[in-house]
Amino acid sequence: MNTIEVNNKADIFSTEIRGEIDQWVAKYPADWKQSAVMAALRIVQDANGGWLTTELMNDVAAYLDMAPIAVYEVATFYSMYELKPVGKHKICICTNVSCMINNSDRVVDHLEDRLGIKLGQTTEDGRFTLKEVECLGACGGAPMMQIGKQYYENLTPEIIDSILEGLE
Amino acid sequence: MVTIEVNGRELKAKAGDMLIEVTDEAGIDIPRFCYHKKLSISASCRQCLVEVKNAPKPLPACATPVMEGMKVFTRSPLALAAQKGTMEFLLINHPLDCPICDQGGECELQDVAVACGSDASRFVEGKRVVPAKNIGPLIATEMTRCIHCTRCVRFGEEIAGIREMGATGRGEHMVIGTYIEKSIDSELSGNIIDLCPVGALTSKPFRFSARAWELTQVEGVAPHDSVGSNLHLHLRSNKVMRVAPKDNESINECWISDRDRFSYQGLYSDDRLTVPKIKQSGEWQDVTWEVALDMAAAGLQEIGEGEQIATLVSPSSTLEELYLAQKVTRGLGSNNIDYRLRQGDFRLDGAEPAFSWLGLKISEIENLNAALLVGSNTRKEQPILAHNLRKAAVSGAKVHFINPLQLELNYTAGQQLTTPAGMVQSLAAVAKALGATGEGAAAKVIDKAVADDDAKAIASALKDADKAAVMLGNIAAAHPDYSILCVLASVVANASGATFGFLAEAANSVGARLAGAMPHLLPGAKVAAEKGLDVMKLQKLPRKGYLLLGAEPGYDFWDAGLTRNALESADLVVALNTHTSPALEAAADIMLPIAAFAETSGTYVNTAGEWQSFRGAVKPLGEARPAWKVLRVLGNLLDQEDCEYTSSEQVRDELASLCEGVMPDNSVGKTESADLQSAVDGLIRIGDVPPYALDSLVRRASALQQTKDAAPAAICINAEEAKKAGLADCDSAVVTQDGREATLPVSIDANIPDGCVRISAGLAGTETLGAQFGEVTLEKA
Amino acid sequence: MVNEVCLRTLDLDRPWLLEQYQSRGGYEMLTRILKEKTPPEEIIEEVKKSGLRGRGGAGFPTGLKWSFISRNAPGQKYVVCNSDEGEPGTFKDRDILRYNPHQLVEGMIIAAYAIGATQGYNYIRGEFWEPYERFEAALKEAREAGFLGENLLDSGFDFELHAHLGGGAYVCGEETALLESIEGKKGQPRFKPPFPAHFGLYGRPTIINNTESLASIPMILKEGGPWFADIGVKNSGGSKLFSISGNLNNPGVFEIPMGTPFSELLEMAGGVKGGRKLKAVIPGGSSAPVIPGEQMMDLTMDYDAIAEAGSMLGSGAVIVLDDTNCMVKVLERMSYFYHEESCGQCTPCREGTGWLYRVISRIENGQGRQEDLDLLNDVAARISGRTICALGDAAAGPVAGMLKHFRDEFQYHIDHKKCLVGAG
């Protein structure tokens, strides 16, 4: 009698990525591997230059024994997952009320002018993407933005310039 | 029980039941979209909002448990305002395309809008448009019409057991669909057409062909697997336009398989036989019924010796047809009649049960705590039974399979994957693990078996279960050692206290036994004094005359090549068929066009032993006639006695009286031969019959033939075996079986065990091959 | 009475470290409970006495919530912390996570002990990477110190706690959406009943509380429920973290007693920027109906006072608007938010939030129609109270509030195709 490995998980992802996902899987009950899907998507997105391909989502599905559609549902529901290529630096600008009344429009204008792109676009050199986001919970420092994992608060055009210049 | 009051009317209800269940039961109408009695509660459409006294807000009837003394108002100003509010929201983004929508006239949204909608819209913004995705040949999508009730999504997860549809995105950007362009592959997929309350998911084959109000609805019984799902046939101008389920809680609930839903297309295929034909000097000529029948009767009489006549009947035939076929055959002095066209091992004849059946009611399957299925691809063979089995598994039943191919299951089960010969050993090992010894052949096999861990696991699952069943499927029935499997399965069932049962192959496999369509059984499952030859012997020892009923050479027989040889060497082949084919035209001398599914009245006995009669819904196509009438006339022309039936009911009633007191019984006797006919030196063919190759009708259902389950014939083999044979994926290879050849593409398939090659039967390209299970050799083409 | 509970270590150099937390008596309460094997009922009773109400926005009494769990029911139970801070205007839990994560950890362990849970999760919104790292570091320290894991301080009580990161969805702040999200699904709220106390995470009994609520627990138990209750006023026990933002000189998070006059809070926040006139205040996160400035200056910051004024205290997020703000534009932005964040399952919210946004947007852009104001009110009313979760109400509330107090501005937009504020 021969047994068949339905999908060979060692073929999915690099050892490092598997290790990282496994750490999250370990946090949840054994029969709830699916709980790690958000972390897994974040990990593979980070490793793929900031966005998710259908193939990567399928791989996450296979790795966590989920139906692919269940992974697509998650990836399309949460705003932090990107389903199209993004720049090396994803600049997320909050324009919600507290930021808006503290002139987040000016932050947007300044970034759009400086980078030559509109919200939702990526610079031709692939370095920057501008994204409008909802309240990031730092209203005391309005106007604010997030680049990568970092928050930047109390923005002015000068501060924005120095932040961008400090990026690789 | 609690007492509640709805619109001033007192109702008794079970505490904890949802309000909508209680009002539905009482015939009080509450509009709804997301709620469906067979699906989990979503409570999201908000259409069923009603007023409950002392509740500050209107409550959804679908998610509000009833409580003692609850006072409910379903039509109060508050309730109506809430229902109208929801309806307005549903309509703002719903297109006004009812005139070109297939759902028009049977649309739940339309119906509720008439009751709760407004005649003018306050919404002046642009409406949402959702690009449609192609989800395969069966279901047409128009997702702009979708109202996000998620019934189709929940169906996939909860009933079909595979999540194919989903709701991606969020808010008003949420889209119901597959996200990527992908076909929906569930064998139950068509049910989402019925579930969809609007025209978002409609039948692709039916699309734009008729309006709901032009159709008349009649009842029918599904003609394919042995479930006998109840159907509604929708007709227009004497044509079956589409098929839908008819609720029958004890059989198919409110579902049907895709095969039962879409096979009607086969009725109108180009190769339908619509006029009687005779072959003269190798040329087919259209003739009148009179000429054809006279020739057939004269030809049969001319053969003279009864034992030189063989009648081979399809188990998809009606009870009435089968009964008359055996009557005509036996009237000619022959007991050579058989329906077991796809069986290869007859060593159990005489010792096998006469009126064999499932062993339990269909609705009891879901209550099983353990099941062992031997040689069964249940999901594809009997999709509705598989749905019931899945229900059991989901609620914790331990299900095991012993099969020569790994199945794609939609629940957790143990799968023992092994060669056909290995299946016998595996089953014997389970018997041994149960401490059973068996008799005759079984004893010999069990004695040699080793009760390994797998066998022990199955044995204890069956033994420890409150309700367990051991069942044989289509693959087992076609197995070269069916007799041994059958005896062993019976031993295992007896030793573990499980029910023993058969998942019969076709709509009337069980009925055929009652009708006496077997060489050793008379109507009423009575043992014949003189036994005829079984279907294999009738081909290995060719007869002079053959009468075929609904059976297609090349596709419906265990050994296609053998059938061809036998028929070609005969003096006379009279074929009563619905369709023609090159193989049939080559083999037959007279072709008599018979009524197909929906065109004739009749009766099927399903695998649970239930007799279900149906009427003809439409007139037979062209000059085709119901086969029972053709057989009756043939009987008349042959001067047979008692052949003066005026209705199929008369035929049925005569048989019914012969069956009086005959109870289903699965007790198996013993056999002596323990020779493993499935033990071969080289590769053995696994010749399963794919679901859409089962019978003449479904083989011609064009939409089904475009689905994933209708893959063309191929040599499916695992990578290791392919390497040994010097083959790679996409190669073409010559397969040789019994000296006959076929050239087929190679497909590397990890689901096939070592020592095996899956070359499914019933498919174009396999007509020349031999036994469904037999030794083959492969060579790169 | 400032910074008495959750922010009491804020003056320390690196208050997020275990050592510094312990220098202020951190984990003493937990240690005492575990050593003395305090009966769980006593803990729940003390929390009830404190008058602590859910600090996430709904304001449901925490002690009562805990008492719904049948402690002795067999099987796994869970404690879940809601750090999915997303209500526009709210940024207090971020500070707890950054500056006092150990107090939250201690609070969660005590909560787990009280209900008999051995597993907990803290759901932190995905954008909060820095707070998440602080929390993870605190977990590591706590684990090493024996406050997490098996047999805590030899008490026989086991508890393990993990962080779960969100992915960007406001609706996950709704407790059952949050549970769905931990289960690896879309964050779609569940209909209730059943409530999480009976059918929560993974179908098991679960308590789910806001970060601030749980972080308040150690002090409540240490100083006693009545102590906490007495900090605040009737029906609003304790102190509370107020996130105050908008047109201010010194926006920020202030932990002050419930019932403090708004005027005092405004003063702490440095007053209105540039000395401009206070036009309006959104007192409890963007879901709370707006209150005109003059009226607000007479109100105290507690549940009852704000409710009587026709709004709600919510999460204690106070957005201060000066007289340069166009209320149509403010409402347009808020409506866009709810339209963006609706999960999509309930018809009224899925369809209605987009409708509201589009109509308001039309008005803002000079394409309003006379009937639009009544339409807005009517659509909002048809969403309100008709959905599974409160997001529908949250979307409807601001519309009703704005039209009640600032209808003239909307009318001006419709009549003149331009803004009253700009024109003035």
Side-chain angles (χ1 to χ4, degrees), chain A residues 23-29 31-43 45 60 64 66 70-82 92 94-105 131-142 144 146 148-151 153-154, chain C residues 76 85-95 119 121 125-130 133 160 162-170 172 181-188 202 243-248 251-253 273 282 286 317 319-322 324-325 329-330 333-334 336-337 340-341 343-344:
Chain A
Q23 278 184 12
W24 282 91
V25 169
K27 294 183 178 192
Y28 309 102
D31 50 346
W32 278 96
K33 264 162 89 176
Q34 181 178 348
S35 281
V37 67
M38 291 175 68
L41 286 172
R42 183 179 63 244
I43 291 161
Q45 170 166 293
V60 167
L64 297 176
M66 292 172 69
V71 176
Y72 308 150
E73 284 185 336
V74 169
T76 56
F77 187 86
Y78 297 97
S79 62
M80 292 174 74
Y81 302 114
E82 301 295 337
C92 298
C94 173
T95 60
N96 209 301
V97 178
S98 291
C99 284
M100 182 183 84
I101 65 180
N102 279 292
N103 298 315
S104 60
D105 287 4
K131 183 174 180 177
E132 181 179 34
V133 295
E134 295 302 336
C135 181
L136 293 181
C139 321
M144 64 80 65
Q146 179 172 25
K149 285 165 178 166
Q150 187 70 41
Y151 275 25
E153 304 180 33
N154 301 307
Chain C
Q76 185 61 269
E85 186 166 54
E87 176 74 18
T90 318
F91 48 101
K92 63 185 179 74
D93 296 335
R94 178 176 173 230
D95 279 2
Q119 182 74 47
Y121 294 97
R125 65 175 296 173
E127 296 90 342
F128 276 178
W129 191 261
E130 184 201 3
E133 289 191 316
E160 191 48 271
H162 294 292
H164 181 101
L165 269 173
Y170 164 69
C172 287
S181 188
I182 297 181
E183 291 180 4
K185 303 172 193 163
K186 296 185 290 177
Q188 289 192 331
Y202 307 125
S243 321
I244 182 164
S245 67
N247 302 122
L248 292 165
V253 177
K273 209 175 191 172
I282 298 166
S286 79
I319 302 172
V320 173
L321 301 159
D322 71 18
T324 61
N325 288 296
K329 194 177 173 196
V330 170
R333 186 61 189 83
M334 295 198 297
Y336 179 76
F337 171 72
E340 270 295 299
E341 298 293 343
C343 84

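Small disclaimer: the values here were computed from a predicted structure and weren't measured. Every chain is numbered from 1, with letters handed out A, B, ... down the list of sequences. Side-chain atoms are counted along with the backbone in the values below, which use heavy atoms only and exclude waters and symmetry mates.
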| Can you find a pair of side-chain heavy atoms, one from A:Gln150 and one from C:Trp129, that are under 4.5 Å apart? | no

| Mutual orientation of the aromatic rings belonging to C:Tyr121 and A:Tyr28 [parallel < 30°, tilted 30-60°, perpendicular > 60°] | parallel

| query | Looking at C:Ser245, C:Gly167, C:Gly246, C:Pro251, which makes the most heavy-atom pairs under 4.5 Å with chain A? | reply | C:Gly167

| query | Quick one: what part of C:Cys172 sits under 4.5 Å from any heavy atom of chain A, side chain, backbone, both or neither? | reply | side chain

| task | Please look at C:Glu127 and chain A and tell me whether the side chain, the backbone, both or neither of the residue comes under 4.5 angstrom of a heavy atom of that chain. | result | both

| query | In terms of heavy-atom pairs under 4.5 Å, which option from C:Gly187, C:Gly126, C:Gly252, C:Cys343 contacts chain A the most? | reply | C:Gly187

| note | Honestly, the part of A:Ala138 sitting under 4.5 Å from a heavy atom of chain C is both

| query | Can any side-chain N or O of A:Tyr81 pair as donor or acceptor with the backbone N or O of A:Met38 at less than 3.5 Å? | reply | yes

| request: Go through the steps for C:Tyr202 and A:Ser35 under the test side chain to side chain contact (heavy atoms under 4.5 Å, CB included), then give the verdict. | output: CA-CA 10 Å; C:Tyr202 307 125; A:Ser35 281; 2.6 Å; yes

| field | Residue pair A:Glu132 / A:Thr95, side-chain donor-acceptor N/O under 3.5 Å | value | yes

| request: Look up atom CG in A:Leu136 and atom CZ in C:Phe91, then write down how far apart they are to the nearest 0.5 Å. | output: 13.0 Å

| Between A:Glu153 and chain C, which part of the residue has a heavy atom less than 4.5 Å away: side chain, backbone, both or neither? | side chain

| request: Sort C:Lys92 into side chain, backbone, both or neither according to what part of it lies under 4.5 angstrom from a heavy atom of chain A. | output: neither

| said: Taking every non-hydrogen pair under 4.5 Å, which of A:Gly148, A:Ala36, A:Cys99, A:Ser79 racks up the most with chain C? | reply: A:Ser79

| said: Counting heavy-atom pairs closer than 4.5 Å to chain A, which one of C:Glu340, C:Lys273, C:Lys329, C:Glu341 comes out on top? | reply: C:Lys329

| query | When you measure from the side chain of C:Asn247 to the backbone N and O of C:Asp322, does any donor-acceptor pair fall under 3.5 Å? | reply | yes

| query | With a 4.5 angstrom heavy-atom cut-off, which part of C:Ser286 approaches chain A: side chain, backbone, both or neither? | reply | neither

| request: Name the region of C:Val320, side chain, backbone, both or neither, that has any atom closer than 4.5 Å to a heavy atom of chain A. | output: backbone

| message | So does C:Gly184 get a backbone contact from the side chain of A:Gln34, meaning a donor-acceptor N/O pair under 3.5 Å? | response | yes

| In terms of heavy-atom proximity below 4.5 Å to chain C, should A:Val133 be classed as side chain, backbone, both, or neither? | backbone

| message | Is C:Gln76 close to chain A through its backbone or its side chain, or both, or neither, when contacts mean heavy atoms under 4.5 Å? | response | neither

| note | Answer key: most heavy-atom pairs under 4.5 Å with chain A among C:Ile244, C:Ile282, C:Leu248, C:Ile319 is C:Ile319

| request: Examine whether an atom of C:Glu133 lies under 4.5 Å from a heavy atom of chain A, and if so say whether it belongs to the side chain, the backbone or both; otherwise answer neither. | output: neither

| query | For A:Gln146, is it the side chain, the backbone, both, or neither that has a heavy atom closer than 4.5 Å to a heavy atom of chain C? | reply | side chain

| Would you say the side-chain atoms of C:Glu85 pair up with the backbone N or O of C:Asp93, donor to acceptor, closer than 3.5 Å? | yes

| query | Which bit of C:Ser181 is near chain A, if near means a heavy-atom gap under 4.5 Å: side chain, backbone, both or neither? | reply | both

| Which is it for C:His162 and C:Gln119 under the side chain to side chain contact (heavy atoms under 4.5 Å, CB included) test, yes or no, and what are the steps along the way? | CA-CA 8 Å; C:His162 294 292; C:Gln119 182 74 47; 3.3 Å; yes

| task | Would you sort out whether A:Lys131 and A:Glu82 count as a salt bridge (Lys or Arg N to Asp or Glu O under 4.0 Å), showing the intermediate values? | result | CA-CA 11 Å; A:Lys131 183 174 180 177; A:Glu82 301 295 337; 2.6 Å; yes

